[in-house]
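A short write-up of the structure that comes next.
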Amino acid sequence: MKNIKLNINLTTLIIIGVVIFLVLFGGAGHYFRKTNNYKQQIQEEIKLRNALTDSMSVYRNKADELVVEKLTLQADLSKLREMNENLTQSQRNLLTRIEDLNRDKRVITAALIEANMIIDSLLHSGTTIIDPENAVITFVDKQEHIEYNIQVTNVIQADTILNTDLFIRRLTLPNEMFIEFHWQLDRRENYPVAFSVTNTSPFYKIHNIESYAIPELQKEDLDPNTWNRINQWFNRNGGVIIKVGIAGTAGYLIGRTVSK
């Protein structure tokens with residue numbers, strides 16, 4: 001057999017070194033990306049499991065306001081539908097509402113709130129207006145958390161000395177509140193986020209709503225530095241770099257060998 005000798009100069013070494021670096025760097029990026037994806041899947045499973053079994057917690061904030069908090073379900077709708085038997089009735093209702101909305105618009109995040117307005121043992125302490133001619137008694141009060149104007153008709157005052165009182169033993173107004181976020185399909189405004197609240201009871205009136213949605217993109221995606229750009233590029237092209245690098249190196253060495 002004829003012996004084949006390889007003459008490798010400095011340029012060849014540099015090219016081979018660069019190709020090897022790209023292959024190793026791309027391979028490392030590919031490995032870490034796979035590892036991160038696996039870790040992310042595990043974290044998502046843990047978050048979903050914790051959310052499914054979480055119970056509602058109640059506490060007071062710094063303004064002494066009552067706050068109700070519970071973990072949010074984070075999973076694909078198809079996966080939640082597969083777990084239908086493990087969902088509570090409220091979770092099923094939420095899922096149904098979101099799927100109905102998704103037919104017309106893309107829902108970003110949503111919440112279903114069950115609430116009652118309860119007045120328990122309220123004794124009237126405001127103004128009492130008595131109209132003996134028309135046999136009407138009017139109870140009026142305006143406080144921080146309650147305001148009312150109640151009239152009782154066709155009554156006769158029992159005593160001119162004793163006050164006429166209004167005592168509400170219990171008043172409950174059931175309500176289901178549905179909150180959802182969605183994209184507004186306005187390309188000119190870069191698809192702004194809209195927020196809506198729906199009450200099933202006509203006795204609940206909303207005068208104003210404010211909301212905030214966490215951006216889908218991270219800061220490094222919006223304003224990447226040089227390292228972020230390099231890392232993003234290798235994340236997208238790591239697998240291709242490995243294949244091209246190996247093929248390029250082999251092709252270069254074969255070409256050098258044949259040309260000698």
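Position 1 is the first residue of the sequence, and the numbers go up from there.
Tyr59 belongs to a hydrophobic cluster with Val67, counting contacts under 4.5 Å between side-chain heavy atoms of Ile, Leu, Val, Met, Phe, Trp and Tyr, direct or through other members.
Residues Met117 and Ser201 fail the side-chain proximity criterion, which asks for heavy atoms closer than 4.5 Å. For the pair Ile113/Phe178, no side-chain contact is recorded, criterion being any heavy-atom separation below 4.5 Å from C-beta on. Between Leu185 and Lys105, the closest side-chain pair of non-hydrogen atoms is not below 4.5 Å. Between Asp131 and Ile129 there is no side-chain heavy-atom pair separated by less than 4.5 Å. No side-chain heavy atom of Ile98 sits under 4.5 Å from any side-chain heavy atom of Glu180.
Judged by distance alone, with hydrogens and angles left aside, the side-chain atoms of Asn50 form a donor-acceptor pair with the main-chain N or O of Ile46 at under 3.5 Å. Between the side chain of Asn175 and the main chain of Thr200, a donor-acceptor pair closer than 3.5 Å is present. In terms of modelled atom types and a separation under 3.5 Å, the side chain of Asn102 and the main chain of Val107 share a donor-acceptor contact. Asn61 places a side-chain N or O within 3.5 Å of a backbone atom of Ala63 that can act as its donor or acceptor partner. Although no hydrogens or angles enter the test, the distance criterion places a donor-acceptor pair under 3.5 Å between the side chain of Ser57 and the main chain of Glu69.
Under a hydrophobic clustering in which Ile, Leu, Val, Met, Phe, Trp and Tyr are joined whenever their side-chain heavy atoms come within less than 4.5 Å, directly or via other members, Val68 and Leu73 fall into different clusters. Hydrophobic clustering of Ile, Leu, Val, Met, Phe, Trp and Tyr side chains at less than 4.5 Å, counting indirect connections, unites Leu101 with Leu94. When hydrophobic clusters are built by joining Ile, Leu, Val, Met, Phe, Trp and Tyr residues whose side-chain heavy atoms come closer than 4.5 Å, directly or via intermediates, Val140 is not grouped with Ile137. Under the 4.5 Å side-chain heavy-atom criterion for ILVMFWY residues, no single connected hydrophobic cluster contains both Tyr204 and Ile179. Residues Phe203 and Ile118 do not share a hydrophobic cluster, clusters being chains of Ile/Leu/Val/Met/Phe/Trp/Tyr side chains in contact below 4.5 Å.
Atom CZ of Arg106 is separated from atom CD of Gln184 by 14.5 Å, given to the nearest 0.5 angstrom. Between the OG1 atom in Thr72 and the CG atom in Leu48 there is a gap of 11.5 Å [rounded to 0.5 Å]. The line from CD of Glu85 to CE of Met83 is 11.0 Å long, rounded to the nearest 0.5 Å. Between the CD atom of Gln74 and the CG atom of Leu80 there is a distance of 10.5 Å, given to the nearest 0.5 Å.
Residues Thr53 and Arg49 approach most closely at OG1-O, 3.0 Å, considering heavy atoms. Closest approach of Gln91 to Ala51, counting heavy atoms only: NE2-O, 4.3 Å. Taking all atoms of both residues into account, the shortest heavy-atom contact from Ser90 to Glu114 is OG-OE2, 2.9 Å. Nearest heavy atoms, Ile108 versus His182: CD1-C, 3.9 Å. The minimum heavy-atom distance between Glu99 and Leu77, with the atom names listed, is CG-CD1, 4.4 Å.
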Donor-acceptor pairs are to be reported for all side-chain atoms of residues 161-174 against protein atoms at under 3.5 Å, with residues two or more places apart or in another chain.
none

Side chains of residues 145-156: which donor-acceptor pairs under 3.5 Å do they make with residues two or more places apart or in other chains?
residue, atom, partner, partner atom, Å
Tyr148, OH, His124, ND1, 2.6
Gln151, NE2, Thr138, OG1, 3.2

